[in-house]
Amino acid sequence: MKNFYISNRERLAQLMDDNSAAILLSGGEVTKTGDENYPFTPSCNFLYLTGIAQPGVILLLAKQGGEVSQTLFIPPFDEEQARWTGAVMLPDEAKVVSGIDDIKYDYKFYDILAGVLFGKRIQSVWLDLENRTFFRNSGENDLADMIKRGYPHIGIKNLYNVLADMRRTKQPHELEKIRRAAEITGMGIEAMLKNVHPGMREYALEAYFDFALKTNGVKEHAFKSIVASGKNAAVLHYSDNSDVIADNSLVLCDVGARWEYYCGDVTRTFPANGHFSDRQRLLYNTVLEGQRRVMSAIRPGVPFKSLNETLLKYYETALADIGLIDTAEQVKKYYWHGVSHMLGIETHDAGRHNEGLLEPGMVLTVEPGLYIAEEGIGIRIEDDVVVTENGCSVLSDGIPKTVEEIESAMNG
Ligand code: GLY
Ligand code: MN
Ligand code: MN
């Protein structure tokens with residue numbers, strides 16, 4: 001794995017202009033309440049460049065005259081802290097994981113940065129400034145302010161889109177991790193299929209998913225699980241998961257395991273009592289056919305945004321045929337999100353959704369939905385695919401999906 005991070009840094013350094021430096025932060029812990037923190041999640045771009053998933057670590061890359069220097073700053077070992085919360089990564093471990101030889105302690109960062117900025121006659125500093133963090137407190141914003149104040153001759157550049165483009169196509173070992181994340185996600189979905197029954201709480205059903213993940217080596221979810229029965233399924237990001245599951249309702253489960261930092265993102269919708277009604281089957285098969293059509297439209301060179309257009313075009317006639325709509329305009333009453341997003345280290349992975357053309361190695365979700373609040377029905381079917389040379393291959397295959405597969409998994 002070390003070679004992956006080394007080569008990612010080399011690719012980044014090639015994209016940086018001469019006389020520039022890049023600073024990336026792993027991120028800090030966030031207080032939940034009192035002395036309790038939220039679980040730490042490293043910055044995905046930092047992880048992509050270093051493989052290190054610890055808080056408070058800084059990567060400094062400087063490029064001058066084509067020469068690239070790389071330094072990693074880590075928190076020092078603190079014996080007292082080690083006795084309370086465990087030891088931090090030691091310099092040798094950081095070196096082995098990242099492939100960076102120059103490891104220093106974090107208290108040296110500002111002095112060394114000053115030396116690099118002056119000594120190497122740096123003209124610009126690249127920071128990872130994601131647009132959603134522009135108006136929030138963040139270490140990157142603080143660094144930008146500090147550089148603007150202390151080094152007004154230095155320009156700030158944004159790394160975010162550079163890294164998003166680098167992360168857009170996946171290497172074979174990344175595909176294997178997404179495949180494994182999807183596979184374990186599927187195990188969790190099958191556990192829910194086998195154990196759902198009317199009268200249980202949505203979170204009790206969710207517990208079967210969580211149990212399957214933990215017993216299969218996964219500690220982390222890709223995102224908050226959505227276990228939405230009946231009308232709740234018409235709320236796209238419902239995650240309260242507290243209602244009682246009614247008989248004759250459909251349950252939409254949009255769930256994902258994260259395996260070695262790569263995400264699965266799969267949705268299945270199934271009948272609480274194990275049998276689709278005629279109406280539910282009709283609507284379900286309409287969505288399933290939509291997914292099939294979008295998947296068969298995927299191939300290199302196709303515009304990303306045309307995938308949603310493929311689904312909308314199909315829905316315009318399919319929803320009219322089943323009497324749900326009279327005009328094409330009305331489709332958006334029942335379906336209003338996009339059909340695909342990039343998938344990778346993040347569930348909604350970096351990579352400019354809806355822009356550009358599909359390329360081999362891109363991983364996307366295909367997730368048509370149909371949400372009929374007035375009937376208390378929400379259906380979504382979501383799988384994860386990789387774009388291949390002449391189409392796509394489903395990374396989340398083997399999870400019950402047709403009406404027959406679902407009913408047989410539930411009743412077999
Ligand atoms: N699970 C969130 C999504 O499907 O985009
Ligand atoms: Mn999803
Ligand atoms: Mn998704």
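When reading the values below, keep in mind they use all heavy atoms of this one structure, side chains included, and skip hydrogens, waters and symmetry mates. Every value quoted in this text rests on a predicted model; they were computed, and no experiment measured them. When a ligand or atom number is given, it counts from 1 through the structure's own listing order.
- Protein heavy atom in closest approach to atom 5 (O) of ligand 1: His348 NE2, 2.6 Å.
- Per-residue contacts place Glu382 under 4.0 angstrom from the following atoms of ligand 1 (heavy atoms of the residue considered): 4 (O).
- For the pair His341 and ligand 1, the shortest N or O to N or O distance falls below 3.5 Å.
- Taking the Mn ion (ligand 2) as the apex, the angle formed with OE1 of Glu382 and OD2 of Asp254 is 100°, to the nearest 10 degrees.
- Nearest to the Mn ion (ligand 3), among the N, O or S atoms that Glu367 has, is OE2.
- Of all N, O or S atoms in Asp265, the one lying closest to the Mn ion (ligand 3) is OD2.
- Remark: of the listed residues Arg168, Lys170, His341, Lys170 is the sole one forming a side chain to side chain donor-acceptor pair (under 3.5 Å) with Asp349.
- Each of Tyr371, Trp336, Tyr334, Tyr335 was compared with Tyr315 under the ring-ring contact (aromatic ring centres under 6.0 Å, His included) criterion, and only Tyr335 meets it.
- Residues Lys95 and Asp101 are not paired through a salt bridge, judged by the lack of any N-O separation under 4.0 Å between the basic side chain and the carboxylate.
- His237 and Asp254 are not linked by any side-chain donor-acceptor pair at a separation below 3.5 angstrom, with hydrogens and angles left out of the test.
- For Glu329, the CD atom counts as loosely surrounded, since its 6.0 Å shell holds 12 or fewer non-hydrogen atoms of other residues, nucleotides or ligands.
- Of all atoms in ligand 1, numbered sequentially from 1 with element shown, those under 4.0 Å from a heavy atom of Phe223 are 1 (N).
- No more than 12 heavy atoms of other residues, nucleotides or ligands lie within 6.0 Å of OH in Tyr110, so this atom counts as exposed by the packing criterion.
- For His237, no nitrogen or oxygen atom sits less than 3.5 Å from a nitrogen or oxygen atom of ligand 1, counting backbone and side chain alike.
- When non-hydrogen atoms are compared, ligand 1 lies under 4.0 Å from neither the backbone nor the side chain of Thr267.
- Residue contacts with ligand 1: Arg380 is excluded, as none of its non-hydrogen atoms falls under 4.0 Å.
- Salt bridge Glu355/Lys305: absent, no basic N to carboxylate O contact under 4.0 Å.
- Counting backbone and side-chain atoms alike, His341 contributes an N/O/S atom closer than 2.8 Å to the Mn ion (ligand 3).
- Looking only at atom types and distance, the side chain of Gln70 has no donor-acceptor partner in the side chain of Asp102 under 3.5 Å away.
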